[in-house]
Each structure stands twice: as structure tokens, then as C-alpha cells.
Amino acid sequence: MQSFTRHTGIVAPLEALNVDTDQIIPKQFLKRIERTGYEDMLFYDWRYLDDGKTPNPDFEMNAPRYRDASILLTKDNFGCGSSREHAPWALYDYGFRCILAPSYADIFYNNCFNNGMLPICLPGEVVEQLFAEVRAQEGYQLTVDLEQLRITKPDGGEVPFDLHPFLRERLLNGWDQIGLTLRFEDKIAAFETARSASA
Amino acid sequence: MPKNIYEKIWAAHLVHAPEGQDAILYIDRHYVHEVTSPQAFEGLRLAGRTVRRPELTFATMDHNIPTTDRARPIADPLSKQQVEKLAANCKESGIALFDMYDRRNGIVHVIGPELGLTQPGMTIVCGDSHTSTHGAFGALAFGIGTSEVEHVLATQTLLQKPSKTMEVRVGGALPSGITAKDIVLAIIGEIGTAGGTGYVIEYTGEAIRGLSMEGRMTVCNMSIEAGARAGLISPDEKTAAYLEGRPYLPKDTPWKQLAASWLSWASDSGCAYDRVVELDARNIEPQVTWGTSPGMVTGVRGRTPVLAETADANTRLAYEKALQYMGLDEGTPITEIAINKMFLGSCTNARIEDLRAAAAVAKGYKVHAAIEQALVVPGSQHVKEQAEAEGLDKVFREAGFEWREAGCSMRLAMNEDRLNPGDRCASTSNRNFEGRQGKGGRTHLVSPGMAVAAAIKGRFVDIREWEYK
């Protein structure tokens with residue numbers, strides 16, 4: 001898995017509460033059997049007009065100033081609903097490496113870490129402030145430093161954030177979860193043996 | 001110290017808790033379906049890994065399969081490819097598959113309990129958020145992503161942090177006309193769609209005890225819509241009675257011993273939870289969602305919200321967008337909302353009890369002239385056969401409903417059943433998100449009886465006043 005240490009990028013705003021994974025990637029794209037190639041399907045129903053290809057001018061992220069965005073700024077309970085990992089795949093394929101929001105749905109949050117993407121929880125008022133700053137300044141960029149658990153604004157202002165130490169360690173090193181677990185294969189085998197003996 | 005059921009199951013499945021790392025939790029059952037598994041099998045192959053315990057994994061095809069004639073090939077080449085891929089992966093790995101021609105086929109969350117694969121005290125996972133359904137049996141069951149599916153295939157374990165626990169106690173006896181669906185929608189209305197985030201919910205109280213196993217599955221199914229990964233109910237005599245004689249129970253353990261060991265998983269009296277929420281069943285009305293999130297819900301006697309009365313700015317914006325998408329004015333009485341489609345099915349409400357309740361409402365009536373489509377999709381082949389044996393299919397057909405093959409159908413709109421833009425559907429499914437049942441389609445979540453009554457009257461009506469024929 002790709003590691004994540006430090007990332008600088010343009011921030012795109014997505015002003016909506018409870019964005020569910022059906023909105024992140026609609027179900028008709030879940031028929032594919034590949035793990036990549038989902039970039040054009042991200043936010044499909046919002047991003048395009050009814051013909052499915054003309055960009056919707058009312059969808060804020062379509063504005064040219066956000067074209068190269070790699071940090072997504074959004075609101076509470078992002079990624080709720082279906083467990084589909086296609087949601088983080090689509091965000092990643094589009095170019096997002098980091099998400100900023102007050103809260104996330106559990107399954108989506110886990111799925112991000114399994115794909116080298118960093119979802120950061122920030123207090124609601126910090127998120128509101130960031131929305132204002134992003135809209136006020138074209139080309140607004142943030143630097144996210146996972147080592148230091150710190151976000152740096154264009155004016156040099158800093159925003160600290162929290163992350164579970166194990167999740168931080170995993171992303172910093174790009175560790176493969178299965179590889180981590182298989183270091184304890186003897187424990188799994190012992191557990192299975194003990195169980196079949198007591199059954 | 002008294003323990004709750006979550007703490008008991010966690011302790012019994014803890015393989016190892018390495019310093020500074022998530023705990024390794026053993027998984028007893030892994031259900032696999034065609035949509036979220038192909039990339040996991042591919043990942044295993046690329047890494048040169050194999051399935052550790054294929055005999056603990058069971059696969060079904062449910063999302064992509066047609067609910068019309070199964071003798072015809074699947075029309076969509078991508079759906080077909082996904083279904084074929086699952087068959088090939090199962091064959092290669094030695095995993096049992098209930099394919100679309102198998103009599104045991106059905107929605108994974110319907111057939112797991114039917115076959116007795118789901119048992120109290122187990123840990124159960126599936127690449128599907130509605131895996132929480134199996135919690136009705138006192139199992140710790142939750143949805144996982146595809147990377148985690150791969151992890152379970154390779155190691156038969158998952159890396160997990162302990163969850164917080166929430167007791168949702170629904171006191172009082174359930175009034176007539178009120179169902180499990182109304183209970184769970186009322187709970188979501190109470191705690192919000194993120195109220196359960198980070199928690200495992202245990203549902204307790206007189207109203208929950210009074211539910212059948214089918215009703216309990218409906219409640220646990222929608223735990224994820226309250227943000228909780230898992231929701232469970234302590235096993236009791238009803239749990240044991242439901243499971244008796246099911247084909248996948250351990251054959252060499254005497255029944256009494258099996259039932260006693262199941263009951264031992266129930267939460268101890270006096271156990272503690274991180275949070276407790278109480279509801280009184282006697283205050284619950286038939287529920288109808290009006291918006292684009294399951295938390296946007298009210299009683300059938302209620303109205304859509306008035307924006308000026310909504311204090312929080314973010315909530316007001318969300319309500320405004322939802323009303324616009326749903327094509328509804330502020331303050332509209334629910335009983336004035338007219339529908340043109342109806343869907344009865346999904347892993348929330350497609351079990352035999354749901355079909356019986358709905359058929360009782362439909363009996364002697366006709367679907368309203370304004371209804372363009374009214375679909376009834378049983379949750380499994382088994383449910384379909386049973387319903388046909390009881391003549392329920394006939395009741396539905398005579399009333400003008402379409403009687404279909406088993407599957408997920410319109411719940412996820414991945415097969416050929418879906419809504420068109422502007423369609424308004426009374427649905428027994430679990431999600432009313434924008435576009436969930438088809439782009440531009442408007443979904444109102446209700447109980448089976450409420451859905452059928454709406455199809456007959458052409459608008460929502462209070463099921464408590466229904467004249468049964």
C-alpha cells in the first residue's frame with residue numbers, strides 16, 4: 001500500500017451533510033471487477049448533467065479552480081451508507097489523498113486507511129472557517145503533515161489534529177494489513193487448535 | 001463483573017492484542033457476494049496468498065441477478081461477468097456457493113439465518129453494510145470493505161478496535177399496527193443517522209423481546225442507518241426455537257446443550273453500557289421518511305419540516321436540499337403525499353412475516369389506478385416457496401401486484417428493477433438516499449403494511465385505521 005507522510009494540495013469544498021457512498025459512487029459502477037479506474041465515476045449524479053457526460057455547472061467542485069484538488073473539505077458523517085470500498089477507490093483515483101470533515105461513517109473511515117488515504121477529523125468550527133477561506137482565495141492550498149499531526153495554512157497558521165497512533169503508523173509506513181496480521185499466524189493457529197479442542 | 005453480550009463475544013474471539021496495534025479478532029463466518037469480493041480474490045492471487053478456512057466462508061449471488069425469469073441469461077454483460085467471477089473464485093478456493101439456480105439462493109442476510117449458518121455468539125462479517133442483520137441472533141455481525149474481505153479470506157481474522165456500547169431500550173408493548181420497521185425508524189429519528197457511530201448497539205426492552213426473529217432482523221438490519229456498525233439482541237428462547245433443525249447447525253452436539261450454550265451469550269443483568277437511550281413503544285406511530293436520509297422521518301400523522309423552525313444552519317440546508325430533491329413543500333401532511341410506485345422487498349423486509357402482513361392488507365383490494373408498478377420481491381427462494389404454499393402470491397397477484405423471483409432487486413437497483421426520474425415510491429427497503437433506487441427516484445421508507453396500503457390508496461394512509469377484508 002502507498003504510504004502517506006506529508007501532502008500539499010489544493011482544497012475542494014463539498015458542502016453537504018451525510019454524503020453517502022451511493023453519492024460518492026453510484027451503484028451502476030459497482031459491476032466492474034477491477035480495483036482502479038473509477039475517477040470519472042466519482043460523484044457521478046452530482047457532477048454531470050442528465051446526459052452523464054456534460055459537467056454540471058452548479059456542482060461547485062467542477063469549477064476550474066478546483067480541477068487539481070487533492071484535499072476534500074466536507075461536512076459531518078461523510079461516507080455513510082453502503083460499505084463499498086469503491087467509494088475510497090473513486091476518491092483516490094480522482095486524485096484525493098486527504099479528506100477534512102468533522103466526522104465520518106465507521107466503515108468508510110476504515111476503508112480509507114486500507115487505501116493510503118487520510119481522513120482527518122476537525123472540529124466543526126475549524127471546518128466552517130476552512131470553507132470560508134477556501135472560497136475566498138483561489139488556489140487555496142494546505143499542507144498536511146502526518147508525522148507532526150499538523151495542517152499548515154497558506155498564511156502559515158497551523159491546525160493540529162488527532163489520529164489513533166496505530167492508524168498513523170500504518171499510513172506512515174504504508175503497511176499491508178494482511179502482512180501485519182500474518183506476523184502472528186502462530187497465534188491464530190493456536191487459537192484455532194484451542195477452540196477445536198474445547199468444542 | 002457482569003458483562004454485556006458484546007464484551008462476551010469480543011473476549012471469546014480475541015486471538016491476540018499486540019502492543020500498540022489493533023486487536024486480532026477471530027471470524028466464525030464470512031459471507032461473500034459478487035459485488036464486493038472480486039477485487040479481494042484478485043488481491044489474494046497477486047500476493048500469492050490462499051483462503052485460510054474456506055469451510056467457514058459461504059457465498060451467494062444476490063445483487064445482480066434478475067428477479068424475472070432465471071432461465072434467460074443475465075442481459076447486462078458486466079453483471080454477468082461479476083456473477084461468473086464469483087463462481088470461478090469460489091470453485092478455485094473451495095468455497096460453498098449458493099448460486100442463482102440453487103434452491104437455497106437468496107439475499108445473504110435472509111439465507112444466513114434460514115440455513116442456520118448464523119448462530120448466537122458468533123462473529124460474522126460480509127462486504128455489505130447490512131450484515132448487522134445477523135445481530136438479531138446475538139451474533140456480532142458487521143459490514144466490511146473489500147480490503148477487509150481479503151484480510152478475512154487470508155487470515156480468518158480482522159484487525160479491530162473495541163467499540164463503545166449503546167443500549168437502546170424500547171419499553172412498553174408494541175401497539176397494534178406498529179412493526180419492527182417503525183421501531184427502528186423511530187430510533188434513527190431519535191438518535192440521528194450518525195448517533196450510533198463508533199458504537200455497537202444492543203436492543204433491549206419489552207417491545208424488542210416481543211418481536212419475532214424476523215422483526216428482530218429488521219431492527220438490527222438498519223443499525224447501520226443509525227451509524228452503528230453492528231446492532232444485536234441477546235438470544236432467548238425465541239432465538240433457539242427459530243434455529244432448531246436448521247441444516248447448518250453442529251450435528252454432533254445435542255440440541256439442549258446447543259440451546260443452553262447459546263443462551264449463555266445473553267447480556268448479564270446489571271451489565272454496563274457506554275450510553276443508554278430509552279424509547280417507549282407506546283408512543284411510536286407508523287413511520288414514513290420524507291427526505292433523503294433515514295433520519296428524515298416522521299409519524300404518518302406528521303408533516304414535512306418547516307425550514308424556519310429548524311434552528312441549526314447545516315440541518316436547515318440539508319432539509320432544504322432534501323425537500324427539493326423529493327419534490328415536497330414544507331409542512332406537507334404525510335397523508336397528502338401521492339406515490340406512483342411501490343416496492344416490497346430487500347434485506348430489511350422480505351421475510352415470510354413481512355409478506356404475510358402485507359398480504360393481509362392487500363387482500364380483497366386492488367392497486368390504485370395511479371400506481372405504475374407495484375413489485376413484491378421475496379428475500380429468498382425459500383421465502384418465495386413458503387409464501388406460495390400459503391397462497392400469498394395469489395393474494396398479491398389478484399390485487400394487481402407483480403410477484404417476482406427472490407433477490408435484492410430495487411433496494412440497490414443493480415439489476416433491471418429501478419425508478420425513473422421523478423418517480424415516487426413507497427418502499428420497504430432501508431435507504432432513501434438520492435438516486436439509491438434509480439437516478440432522480442424518490443423513495444419513502446415504510447413498513448410492509450404501510451407500503452401496500454399506500455399502493456392501494458395511491459397515497460400514504462395510517463395503517464392503524466385499515467379495514468381488513
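Only heavy atoms go into these numbers, but all of them, side chains included; no hydrogens, no water, no symmetry mates. Every chain is numbered from 1 and lettered A, B, ... according to where its sequence line falls, protein lines coming before strand lines.
Of the two parts of B/Ala194, the backbone and the side chain both hold a non-hydrogen atom closer than 4.5 Å to a non-hydrogen atom of chain A. Only the side chain of A/Asn77 comes within contact range of chain B, with at least one heavy atom under 4.5 Å from a heavy atom of that chain. Contact annotation for B/Thr157: only side-chain heavy atoms (C-beta onward) come within less than 4.5 Å of a heavy atom of chain A. Heavy atoms closer than 4.5 Å to chain B are found in both the backbone and the side chain of A/Asp45. With a 4.5 angstrom heavy-atom cutoff, A/Arg183 touches chain B only via side-chain atoms. Looking at A/Tyr104, the atoms closer than 4.5 Å to chain B (heavy atoms on both sides) all sit in the backbone: N, CA, C or O. Contact annotation for A/Ile188: both backbone and side-chain heavy atoms come within less than 4.5 Å of a heavy atom of chain B. The parts of A/Phe166 that come within reach of chain B are both its backbone and its side chain, each placing non-hydrogen atoms under 4.5 angstrom from that chain. In this structure, chain A has a heavy atom under 4.5 Å from the backbone of B/Ala12, while its side chain stays farther away. If you measure heavy-atom distances from B/Asn89 to chain A, you find no contacts under 4.5 Å at all.
Going from atom OG1 of A/Thr181 over to atom CD1 of B/Ile24 covers 5.0 Å, rounded to the nearest 0.5 Å. Between the CG atom of B/Asn314 and the NZ atom of A/Lys75 there is a distance of 4.0 Å, given to the nearest 0.5 Å. Between atom CG of residue A/Asp186 and atom NE2 of residue B/His16 there is a gap of 8.0 Å, rounded to the nearest 0.5 Å. For the atom pair OG (A/Ser82) and CG (B/Asp128), the distance works out to 7.0 Å, reported to the nearest 0.5 Å. Summarising the geometry, atom CG belonging to A/Asn111 is positioned 9.5 Å from atom CD1 belonging to B/Ile144; distances are rounded to the nearest 0.5 Å. Rounding to the nearest 0.5 angstrom, the gap separating the NZ atom in A/Lys31 from the NZ atom in B/Lys80 is 13.5 Å.
Put simply, of A/Asn114, A/Asp106, A/Asp50, A/Leu167, the one with the most heavy-atom pairs under 4.5 Å next to chain B is A/Asp106. Ranked by heavy-atom pairs under 4.5 Å with chain B, the first of A/Asp176, A/Thr21, A/Asn115 is A/Asp176. Options A/Phe108, A/Tyr109, A/Trp46 differ in how many heavy-atom pairs under 4.5 Å they form with chain B, and the most are formed by A/Trp46.
With hydrogens and angles left out, the side-chain atoms of A/Gln177 and B/Ser147 include no donor and acceptor closer than 3.5 Å. Looking at B/Gln39 and A/Trp89, their side chains never bring a donor and an acceptor atom within 3.5 Å of each other. Of the N and O atoms on the side chains of A/Ser83 and B/Arg229, not one donor lies less than 3.5 Å from an acceptor on the other residue.
For the pair B/Lys321 and A/Glu15, the salt-bridge criterion is not met [side-chain N within less than 4.0 Å of a carboxylate O]. Under a 4.0 Å N-O distance rule, the pair B/Asp22/A/Arg170 does not qualify as a salt bridge.
In plain terms, the two heavy atoms of A/Leu17 and B/Ala318 that are nearest each other are CD1-CB, 3.9 Å.
The environment of CD in A/Glu34 is crowded: more than 12 heavy-atom neighbours from other residues, nucleotides or ligands sit within 6.0 Å.
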